[in-house]
There are 2 protein chains.
Amino acid sequence: MASRLEKALQNPDSMKARILAAARRLFGERGYTETTTRLIARTVGIDISTLYYHWGEKRDLYEGVIAAINEEILGQFRQIEQRCRGASLRTRLEIAIDVMCDYLFGHPEVAHLILLAYFRTSEHNVLLDINMDKYIGNIAVAMGLAADREHVSVQARARILALWNAALNFISGQAFFRPMLGIDPAAYEAVVKETLKFILVPAFTSAHDPETLPGAPGD
Amino acid sequence: MASRLEKALQNPDSMKARILAAARRLFGERGYTETTTRLIARTVGIDISTLYYHWGEKRDLYEGVIAAINEEILGQFRQIEQRCRGASLRTRLEIAIDVMCDYLFGHPEVAHLILLAYFRTSEHNVLLDINMDKYIGNIAVAMGLAADREHVSVQARARILALWNAALNFISGQAFFRPMLGIDPAAYEAVVKETLKFILVPAFTSAHDPETLPGAPGD
DNA sequence: GAGCGCTTCCATCAATTGATGGAGAGTTCT
DNA sequence: AGAACTCTCCATCAATTGATGGAAGCGCTC
């Protein structure tokens, strides 16, 4: 339940919700420091003081954005888990890729924000705490790669991370990559899904042995 | 040839080179806007005016960093190409992964900077022009996936991108991912290489038909 | 030592940005 | 009408930041 989010946010026409929506888009497009409170206010069409009246510090507004996204993502995973019941591993993987890609392509700012959160070693990274641990555990369990969230092998987690990151990258960097591939948005979305499936499915379904770490590179 | 880089940069003790080195590290750690010229100057132990004397605008310094990295990366690809001659496809792929991982783990700020460049839609993204086109073409040719740089299929390019991005993410986000996997740096490096090989090699070497999704063993 | 070029630093500016105080405007309740 | 409450805006502050001008130090040649 979205119990954490206050009442005003339920109504998308409320000023607080309108500010949150604009902030989410702008933070996603420009990152934290390059998104000024003035810009957010101007986008909404209000004075900067009105923004501060509703949200207090800039960081609180940012945390509000992250919190909303966290809940959305968990909802996606619940959906994946539900739709995966009883399916084969390959089907589960493909469902997971389809659901997450549809969601992220529909909300590219989410991919932006998560990636920006990863690679920020500065001060304000602690607070945004995208809880990847939980996500990965959920995926592994939903995929049937582990019995419970706590016992997922390093290899499995690393592979899930690799796929998750690849999806985030393709979607977040669409403006950069799509021109390189010379295709239109719909084709891009299809190519991304196809590529992720092409890469992932064999990685988890074929008979690789996960034990043997390659001996240290010769030279 | 590093003909673009001026003489002063050849000497790593020169003030201009020292500033560049510090800027490279800081830009990589904190991004463009969060790295102030004052911070760079303080890191080098000089006054801010000295920095401006040698480099002019902040943006020029940033471009200097990107230019140096571009040349380094092209050097890595040349090395890959050279070491790949005559090897099998699988060996070529593994060499490429090893070389690029060794390089990026040794220069994590490069991974940071490239990723930051991808996802920045703002003003100052145009200038940094990480020329991925060229990189991808080089990889595809070195891997024997295409006859020349101009004719690489969309699928092949997308797969190379996916792998390249995964590598960048693992290395750039090490501070974030490694604790999640609960392993030490050396093991992390090994796991990353293993994961990339595990994912990539089947994707390019197995008898997948690029049209149909994996006709792999049922589960 | 005078002159000159190169390098460095101190002082300072203008613009931006996060943040606040206080004054209105609108509504509701008494 | 008037008190009380909610919401919005104008004016403003202090700190940060990119950038510059000018003076001083240093090494060199004449």
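- Between B:F77 and B:W164, the ring-plane angle classifies as tilted under the 30° and 60° cut-offs.
- Atom-to-atom, CH2 of B:W55 to P of C:dT8 comes out at 14 Å; the value is rounded to the nearest Å.
- A salt bridge links B:E109 to B:R24: one of the charged nitrogens lies within less than 4.0 Å of a carboxylate oxygen.
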I'd like a list of close polar pairs between nucleotides 18-20 of chain D and the protein, N/O only, cut-off under 3.5 Å.
from	atom 1	to	atom 2	distance (Å)
D:dG18	OP1	B:K58	NZ	2.8
D:dG18	OP2	B:T37	N	3.0
D:dG18	OP2	B:T37	OG1	3.1
D:dG18	N7	B:R38	NH1	2.7
D:dG18	O6	B:R38	NH2	3.0
D:dA19	OP2	B:Y52	OH	3.2
D:dA19	OP2	B:K58	N	2.9
D:dA19	N6	B:R38	NH2	3.4
D:dT20	O4	B:S49	OG	3.0

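- A:L51 places its CG atom 14 Å from the P atom of D:dC7, with the value rounded to the nearest Å.
- Remark: A:H54 is not in phosphate contact with D:dT6, judged by side-chain N or O atoms under 4.0 Å from OP1 or OP2.
- Under 4.0 angstrom from either OP1 or OP2 of C:dT8 there lies no side-chain N or O belonging to B:Y53.
- A salt bridge links B:R159 and A:E194; the closest N-O separation between the charged side-chain nitrogens and carboxylate oxygens is under 4.0 Å.
- One atom, CD1 of B:I46, and another, C1' of C:dC9, lie 10 Å apart when rounded to the nearest Å.
- You'll find the side chain of A:Q174 reaches within 4.5 Å of the side chain of A:P185, heavy atoms only.
- Between B:F177 and B:F170, the ring planes are perpendicular. Angles over 60° get that label, and only those under 30° would be called parallel.
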Practice item. Please lay out, stage by stage, how B:I73 and B:I114 fare under the test side chain to side chain contact (heavy atoms under 4.5 Å, CB included). Key: CA-CA 11 Å; B:I73 293 183; B:I114 295 179; 3.5 Å; yes
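- For the pair A:K16 NZ and D:dT6 P, the interatomic distance rounds to 14 Å; values are reported in whole Å.
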